[in-house]
Amino acid sequence: VDRAKLILENGTPGKPPLRFIVHRLRLRSVGAGQPLEFHATLVNPKPVGNIDSSGHFGPFDAGDPGETPVSGSYRFRHADLSTIKGIGGMLSSDGSYSGKLDHIEVDGTTDTPDFRLDGADHAMPLKTKFHAIVDGTTGNTYLRPVDAWLMKTHIVAEGKVVRVPGVRGRAIQLHVTIGPGRIQDLLRLAVKANPPLMNGEVRVRTSFDLPPGQGVVADRLQMRGSFAIRDAHFTNPKIQHKVDELSLRGQGKAAMAKRLRDAAKDGSGAQSHEAEVASEMKGNFTFGLRRLTISSLDYQVPGARAILSGVYALDGQTLNFSGKARLEAHVSQMVTGWKRWLLKPADPFFAKNGAGTEVPIRITGTRSAPHFSVGF
């Protein structure tokens with residue numbers, strides 16, 4: 001059979017059937033009670049791409065088509081992911097499958113050198129190795145698991161991609177573990193701002209819930225989990241200078257902090273070791289409606305530790321965090337000149353719970369113009 005159409009009804013009222021354009025189909029070993037040997041080349045409807053598959057189908061179970069055996073191997077090429085709303089890229093995949101039509105076990109790999117989400121539209125390489133169970137009668141897919149690399153970030157996901165009754169499209173529900181990974185890879189994929197807010201090592205455990213709908217992915221995506229980031233450096237010099245200054249003052253190196261601030265103001269830069277303070281942070285988070293809400297954020301740099309909660313808008317525009325900062329140095333050791341002597345009597349009032357200084361702290365403003373404030 002050449003130049004044919006295969007139309008599969010889906011059982012959902014009002015939903016159009018799946019239509020496959022079959023370029024070439026060859027059936028061999030035809031006989032009663034025997035499987036058909038086949039070789040087919042066809043166009044997959046979504047994502048649109050070319051499939052080349054060989055294997056065996058049948059014998060066909062007319063009473064319950066889902067019980068029909070199927071097995072074989074496939075090559076999927078030039079699959080345009082932009083035909084699926086919310087994502088983009090050109091995917092290729094190879095694999096094998098076996099089972100019954102309503103329970104097909106698939107093992108394969110994918111390679112998408114330019115994977116992207118529509119909210120950020122930053123193309124990134126994505127490679128996966130997967131084991132999945134597919135219901136060929138509905139298209140529902142159960143991932144057990146997917147092992148992926150997004151640039152240099154390792155991601156393992158288990159879950160399902162299934163139809164939702166009465167709604168066009170499919171829901172994606174996953175449990176995701178990330179690590180070892182780089183926070184800049186995740187931010188570059190999800191956030192439009194470039195460069196990403198920070199670089200560093202990241203580990204994440206989260207649920208991932210993307211309901212079907214017409215909006216962009218960032219508007220529909222919901223996540224809840226925990227994270228830990230090590231050796232983080234902010235790409236915005238204003239933010240990184242503030243972090244460096246906080247660390248130096250927290251260690252009682254007020255004179256060095258002053259030189260750093262003066263260098264930032266006149267544009268002459270900062271001392272290399274002063275500008276390379278690494279941050280570490282961990283906490284719990286939820287994400288929805290383009291807003292990342294972080295609770296119990298434990299943030300540390302040499303000489304200082306902050307416990308914060310707040311919201312970061314992932315379009316890179318707003319920051320709003322508040323909490324407490326604990327520093328090794330006494331309050332008088334964080335300033336220079338006559339202010340040091342003026343604040344000396346106040347040291348006992350700020351020294352709390354084993355810290356040299358404990359004060360309220362707040363981070364507000366925008367990504368391009370953050371504002372840091374403390375109790376004193």
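Keep in mind that this is a model prediction, so the values were computed, not measured.
Summarising the geometry of Ser279 relative to Phe234, their closest heavy-atom pair is OG-CE1, 3.9 Å, with the distance given to 0.1 Å. Nearest approach of Gly89 to Arg116, heavy atoms of both residues: N-NH1, 3.4 Å. In terms of heavy atoms, Lys160 sits closest to Leu174 at N-CD2, 4.0 Å. When all heavy atoms are compared, the tightest approach of Pro302 to Gln251 is O-NE2, 3.5 Å. The heavy-atom pair separating Ser29 from Glu37 by the smallest distance is OG-OE1, 3.6 Å. For the residue pair Met90 and Pro113, the shortest heavy atom distance occurs at O-CD, 3.5 Å.
Put simply, the side chain of Thr357 gets close to the backbone of Val331: a donor and an acceptor are under 3.5 Å apart. Here the side chain of Arg163 pairs no donor or acceptor atom with the backbone of Gly139 at under 3.5 angstrom. When atom types are taken as modelled, the side chain of Gln240 and the backbone of Val277 share a donor-acceptor pair closer than 3.5 angstrom. In this structure, the side chain of Thr141 does not engage the main chain of Val161 through any donor-acceptor pair within 3.5 Å. In terms of modelled atom types and a separation under 3.5 Å, the side chain of Glu358 and the main chain of Ala355 share no donor-acceptor contact. With Asn194 contributing its side chain and Arg188 its backbone, the two residues share no donor-acceptor pair below 3.5 Å. For the pair Arg220 (side chain) and Leu289 (backbone), a donor-acceptor distance under 3.5 Å is absent. A donor-acceptor pair under 3.5 Å links the side-chain atoms of His330 to the main chain of Gly356, judged by distance alone. With hydrogens and angles ignored, the 3.5 Å screen pairs no side-chain donor or acceptor of Arg205 with any backbone N or O of Ser226.
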Test Leu260 against His241 for side-chain contact (heavy atoms from CB on, under 4.5 Å), laying out the working first.
-> CA-CA 8 Å; Leu260 179 66; His241 278 304; 3.6 Å; yes

May I have the step-by-step check of side-chain hydrogen bond (donor to acceptor under 3.5 Å, both in side chains) for Thr366 and Thr318, ending in yes or no?
-> CA-CA 4 Å; Thr366 66; Thr318 58; over 6 Å; no

Would Thr68 and Lys100 satisfy side-chain contact (heavy atoms from CB on, under 4.5 Å), going step by step from the backbone distance to the final call?
-> CA-CA 5 Å; Thr68 303; Lys100 298 178 180 179; over 6 Å; no

Begin from the C-alpha positions of Asp94 and Thr109 and carry the test side-chain hydrogen bond (donor to acceptor under 3.5 Å, both in side chains) through to its verdict.
-> CA-CA 6 Å; Asp94 295 89; Thr109 61; 4.9 Å; no

Evaluation steps, side-chain hydrogen bond (donor to acceptor under 3.5 Å, both in side chains), between His131 and Asp107 = CA-CA 5 Å; His131 176 76; Asp107 290 280; 2.8 Å; yes

Run the numbers on Asn140 and Arg170 for side-chain contact (heavy atoms from CB on, under 4.5 Å), then give the verdict.
-> CA-CA 8 Å; Asn140 289 342; Arg170 298 181 187 275; 3.2 Å; yes

Mind running side-chain contact (heavy atoms from CB on, under 4.5 Å) on Leu308 and Ile361 for me, showing each step along the way?
-> CA-CA 8 Å; Leu308 299 166; Ile361 187 172; 3.5 Å; yes

Salt bridge (Lys or Arg N to Asp or Glu O under 4.0 Å) between Asp298 and Arg305: does it pass, once the steps are laid out?
-> CA-CA 7 Å; Asp298 186 345; Arg305 179 180 184 182; 2.6 Å; yes

Criterion salt bridge (Lys or Arg N to Asp or Glu O under 4.0 Å) on Arg26 and Asp2, from CA distance to verdict = CA-CA 9 Å; Arg26 294 294 181 266; Asp2 295 326; 3.2 Å; yes

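Looking at Thr128 and Thr110, their side chains do bring a donor and an acceptor atom within 3.5 Å of each other. There is no side-chain donor-acceptor pair under 3.5 Å between Tyr312 and Thr293. There is no side-chain donor-acceptor pair under 3.5 Å between His23 and Asn50. Checked by atom type, the side-chain pair Ser93/Tyr74 shows a donor-acceptor distance below 3.5 Å. Between the side chains of Arg224 and Asn284, no donor N or O sits under 3.5 Å from an acceptor N or O.
A chain of hydrophobic side-chain contacts below 4.5 Å, direct or via other Ile, Leu, Val, Met, Phe, Trp or Tyr residues, connects Val22 to Val1. Residues Val156 and Val202 do not share a hydrophobic cluster, clusters being chains of Ile/Leu/Val/Met/Phe/Trp/Tyr side chains in contact below 4.5 Å. Put simply, Val70 and Val106 are part of the same group of oily side chains (I, L, V, M, F, W, Y) that touch within less than 4.5 Å, one to the next. Under a hydrophobic clustering in which Ile, Leu, Val, Met, Phe, Trp and Tyr are joined whenever their side-chain heavy atoms come within less than 4.5 Å, directly or via other members, Phe227 and Phe208 fall into the same cluster. There is no path of hydrophobic side-chain contacts, each under 4.5 Å, that joins Val162 to Val176.
A heavy-atom distance below 4.5 Å is not found between the side chains of Phe130 and Leu143.
Under the side chain to side chain contact (heavy atoms under 4.5 Å, CB included) test applied with Leu126, the options Leu189, Thr153, Leu150, Ile155 reduce to a single match, Leu150. Exactly one residue among Asp147, Thr112, Asp111 makes a side-chain hydrogen bond (donor to acceptor under 3.5 Å, both in side chains) with Lys127. That residue is Asp111.
A search for ring-ring contact (aromatic ring centres under 6.0 Å, His included) contacts involving His154 returns Trp149, not counting sequence neighbours.
By the 4.0 Å N-to-carboxylate-O rule, Arg182 lies close enough to Asp185 to be salt-bridged with it.
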